Amino acid sequence: SQTIHQWPATLVQPVGSPLSLECTVEGTSNPNLYWYRQAAGRGLQLLFYSVGIGQISSEVPQNLSASRPQDRQFILSSKKLLLSDSGFYLCAWSAGAAYNSPLHFGNGTRLTVT
Amino acid sequence: ILNVEQSPQSLHVQEGDSTNFTCSFPSSNFYALHWYRWETAKSPEALFVMTLNGDEKKKGRISATLNTKEGYSYLYIKGSQPEDSATYLCAFGTALIFGKGTTLSVSS
């Protein structure tokens, strides 16, 4: 069966520090991969999605970047965190195009930027 | 900018009550509508993926309907149980724009 791992679960980082969140999927090949963020009082916002290695689409201009160095690995990064980067980050995968395949989410990372 | 609206924002019912909530979305260029359940301390779980006007999906006591022409979907829960307490999210479009969700609380 397919599983998705996301870490760390919680993170407290000072403003201006770098960020790296990692997500890996097991049990499937060539998944579509996604990073979502839920800021306080807001809905889930799509940040990045990837349909293959090295292929990244950004939905919202921001202080973050994403990379997909391997088929089942998706990394969210920042060179310098801002207070507004605080939130709950979720990684997800789907077997096909997101509009007709369900998303399978990781357990999330709670990021607090101080 | 696509806008997905969910109502009500929150709902409190008694065990055994049946309830429903709404997801509204733009009626043009429809691809699919997703429903997810997000329980506290867990990750969101897919309930339904709906792609055709008039679609009706059912999973146990939970069902959903879709009207793409008028741009809405209803989620129904029959005989609510405390374990149904969660936030229910809908998502729309090729990039899956999520609504803010309806938080359901069921008292025993």
Side-chain angles (χ1 to χ4, degrees), chain A residues 1-10 21 23-25 28 31-51 55-62 66 74 87-110, chain B residues 1-10 21-53 55 57 59 62 64 66 68 73 75 86-103:
Chain A
S1 63
Q2 302 91 356
T3 56
I4 178 169
H5 303 280
Q6 186 181 343
W7 67 94
T10 59
L21 302 181
C23 172
T24 59
V25 180
T28 187
N32 290 348
L33 296 172
Y34 310 84
W35 279 111
Y36 282 87
R37 175 174 65 194
Q38 185 182 41
R42 305 188 66 177
L44 284 176
Q45 180 185 36
L46 179 63
L47 302 175
F48 301 96
Y49 70 92
S50 171
V51 298
Q55 300 179 60
I56 310 293
S57 296
S58 174
E59 288 297 309
V60 182
Q62 59 219 319
F74 206 23
F88 190 63
Y89 289 80
L90 281 164
C91 179
W93 72 272
S94 66
Y99 60 85
N100 62 7
S101 301
L103 295 178
H104 306 276
F105 288 90
N107 288 331
T109 296
R110 174 77 57 193
Chain B
I1 297 177
L2 294 178
N3 202 24
V4 180
E5 300 286 344
Q6 290 190 248
S7 62
Q9 183 176 344
S10 63
F21 14 96
T22 307
C23 174
S24 301
F25 52 86
S27 56
S28 59
N29 296 320
F30 179 83
Y31 286 88
L33 190 287
H34 294 217
W35 281 102
Y36 293 83
R37 175 171 59 201
W38 194 356
E39 296 178 65
T40 302
K42 295 186 178 180
S43 51
E45 172 195 3
L47 291 173
F48 307 114
V49 176
M50 309 178 78
T51 56
L52 297 175
N53 184 44
D55 251 357
K57 301 269 187 176
K59 187 176 183 179
I62 303 177
L66 178 66
T68 62
S73 175
L75 188 78
T87 296
Y88 292 83
L89 302 168
C90 68
F92 166 82
T94 56
L96 285 185
I97 308 298
F98 277 81
K100 293 183 180 180
T102 293
T103 299

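Given the structure is predicted, the values throughout are model-derived calculations rather than measurements. Throughout, protein chains are lettered first and strands after them, A, B, ... in sequence-line order, and every chain is numbered starting at 1.
The nearest pair of heavy atoms linking B:S28 to B:F92 is O-CZ, 4.3 Å. The minimum heavy-atom distance linking A:L21 with A:W35 is given by the pair O-CZ2, 3.7 Å.
No other option in B:A32, B:G101, B:A91, B:P44 has as many heavy-atom pairs under 4.5 Å with chain A as B:P44. Your options are A:G108, A:S101, A:G41, and the one with the most heavy-atom pairs under 4.5 Å with chain B is A:S101. Of all the listed residues (A:L90, A:L103, A:I4), the one sharing the greatest number of non-hydrogen pairs under 4.5 Å with chain B is A:L103.
Note on ring orientation: taking the six-membered ring where Trp is involved, the planes of B:F30 and B:F25 are tilted (angle from 30° to 60°).
Residue A:Q6: no heavy atom, backbone or side chain, is found under 4.5 Å from chain B. Using a 4.5 Å cut-off between heavy atoms, A:L46 touches chain B through its side chain atoms alone. If you measure heavy-atom distances from B:L47 to chain A, you find no contacts under 4.5 Å at all. The contact between A:Y36 and chain B is made entirely by side chain atoms (from C-beta outward), counting heavy-atom distances below 4.5 Å.
By the 4.5 Å heavy-atom criterion applied to side chains, B:M50 and B:K57 are counted as neighbours. Here the side chains of B:Y36 and B:Y88 are not in contact, with every heavy-atom distance at 4.5 Å or above.
Remark: the B:S73 side chain and the B:W35 side chain contain an N/O donor-acceptor pair separated by less than 3.5 Å.
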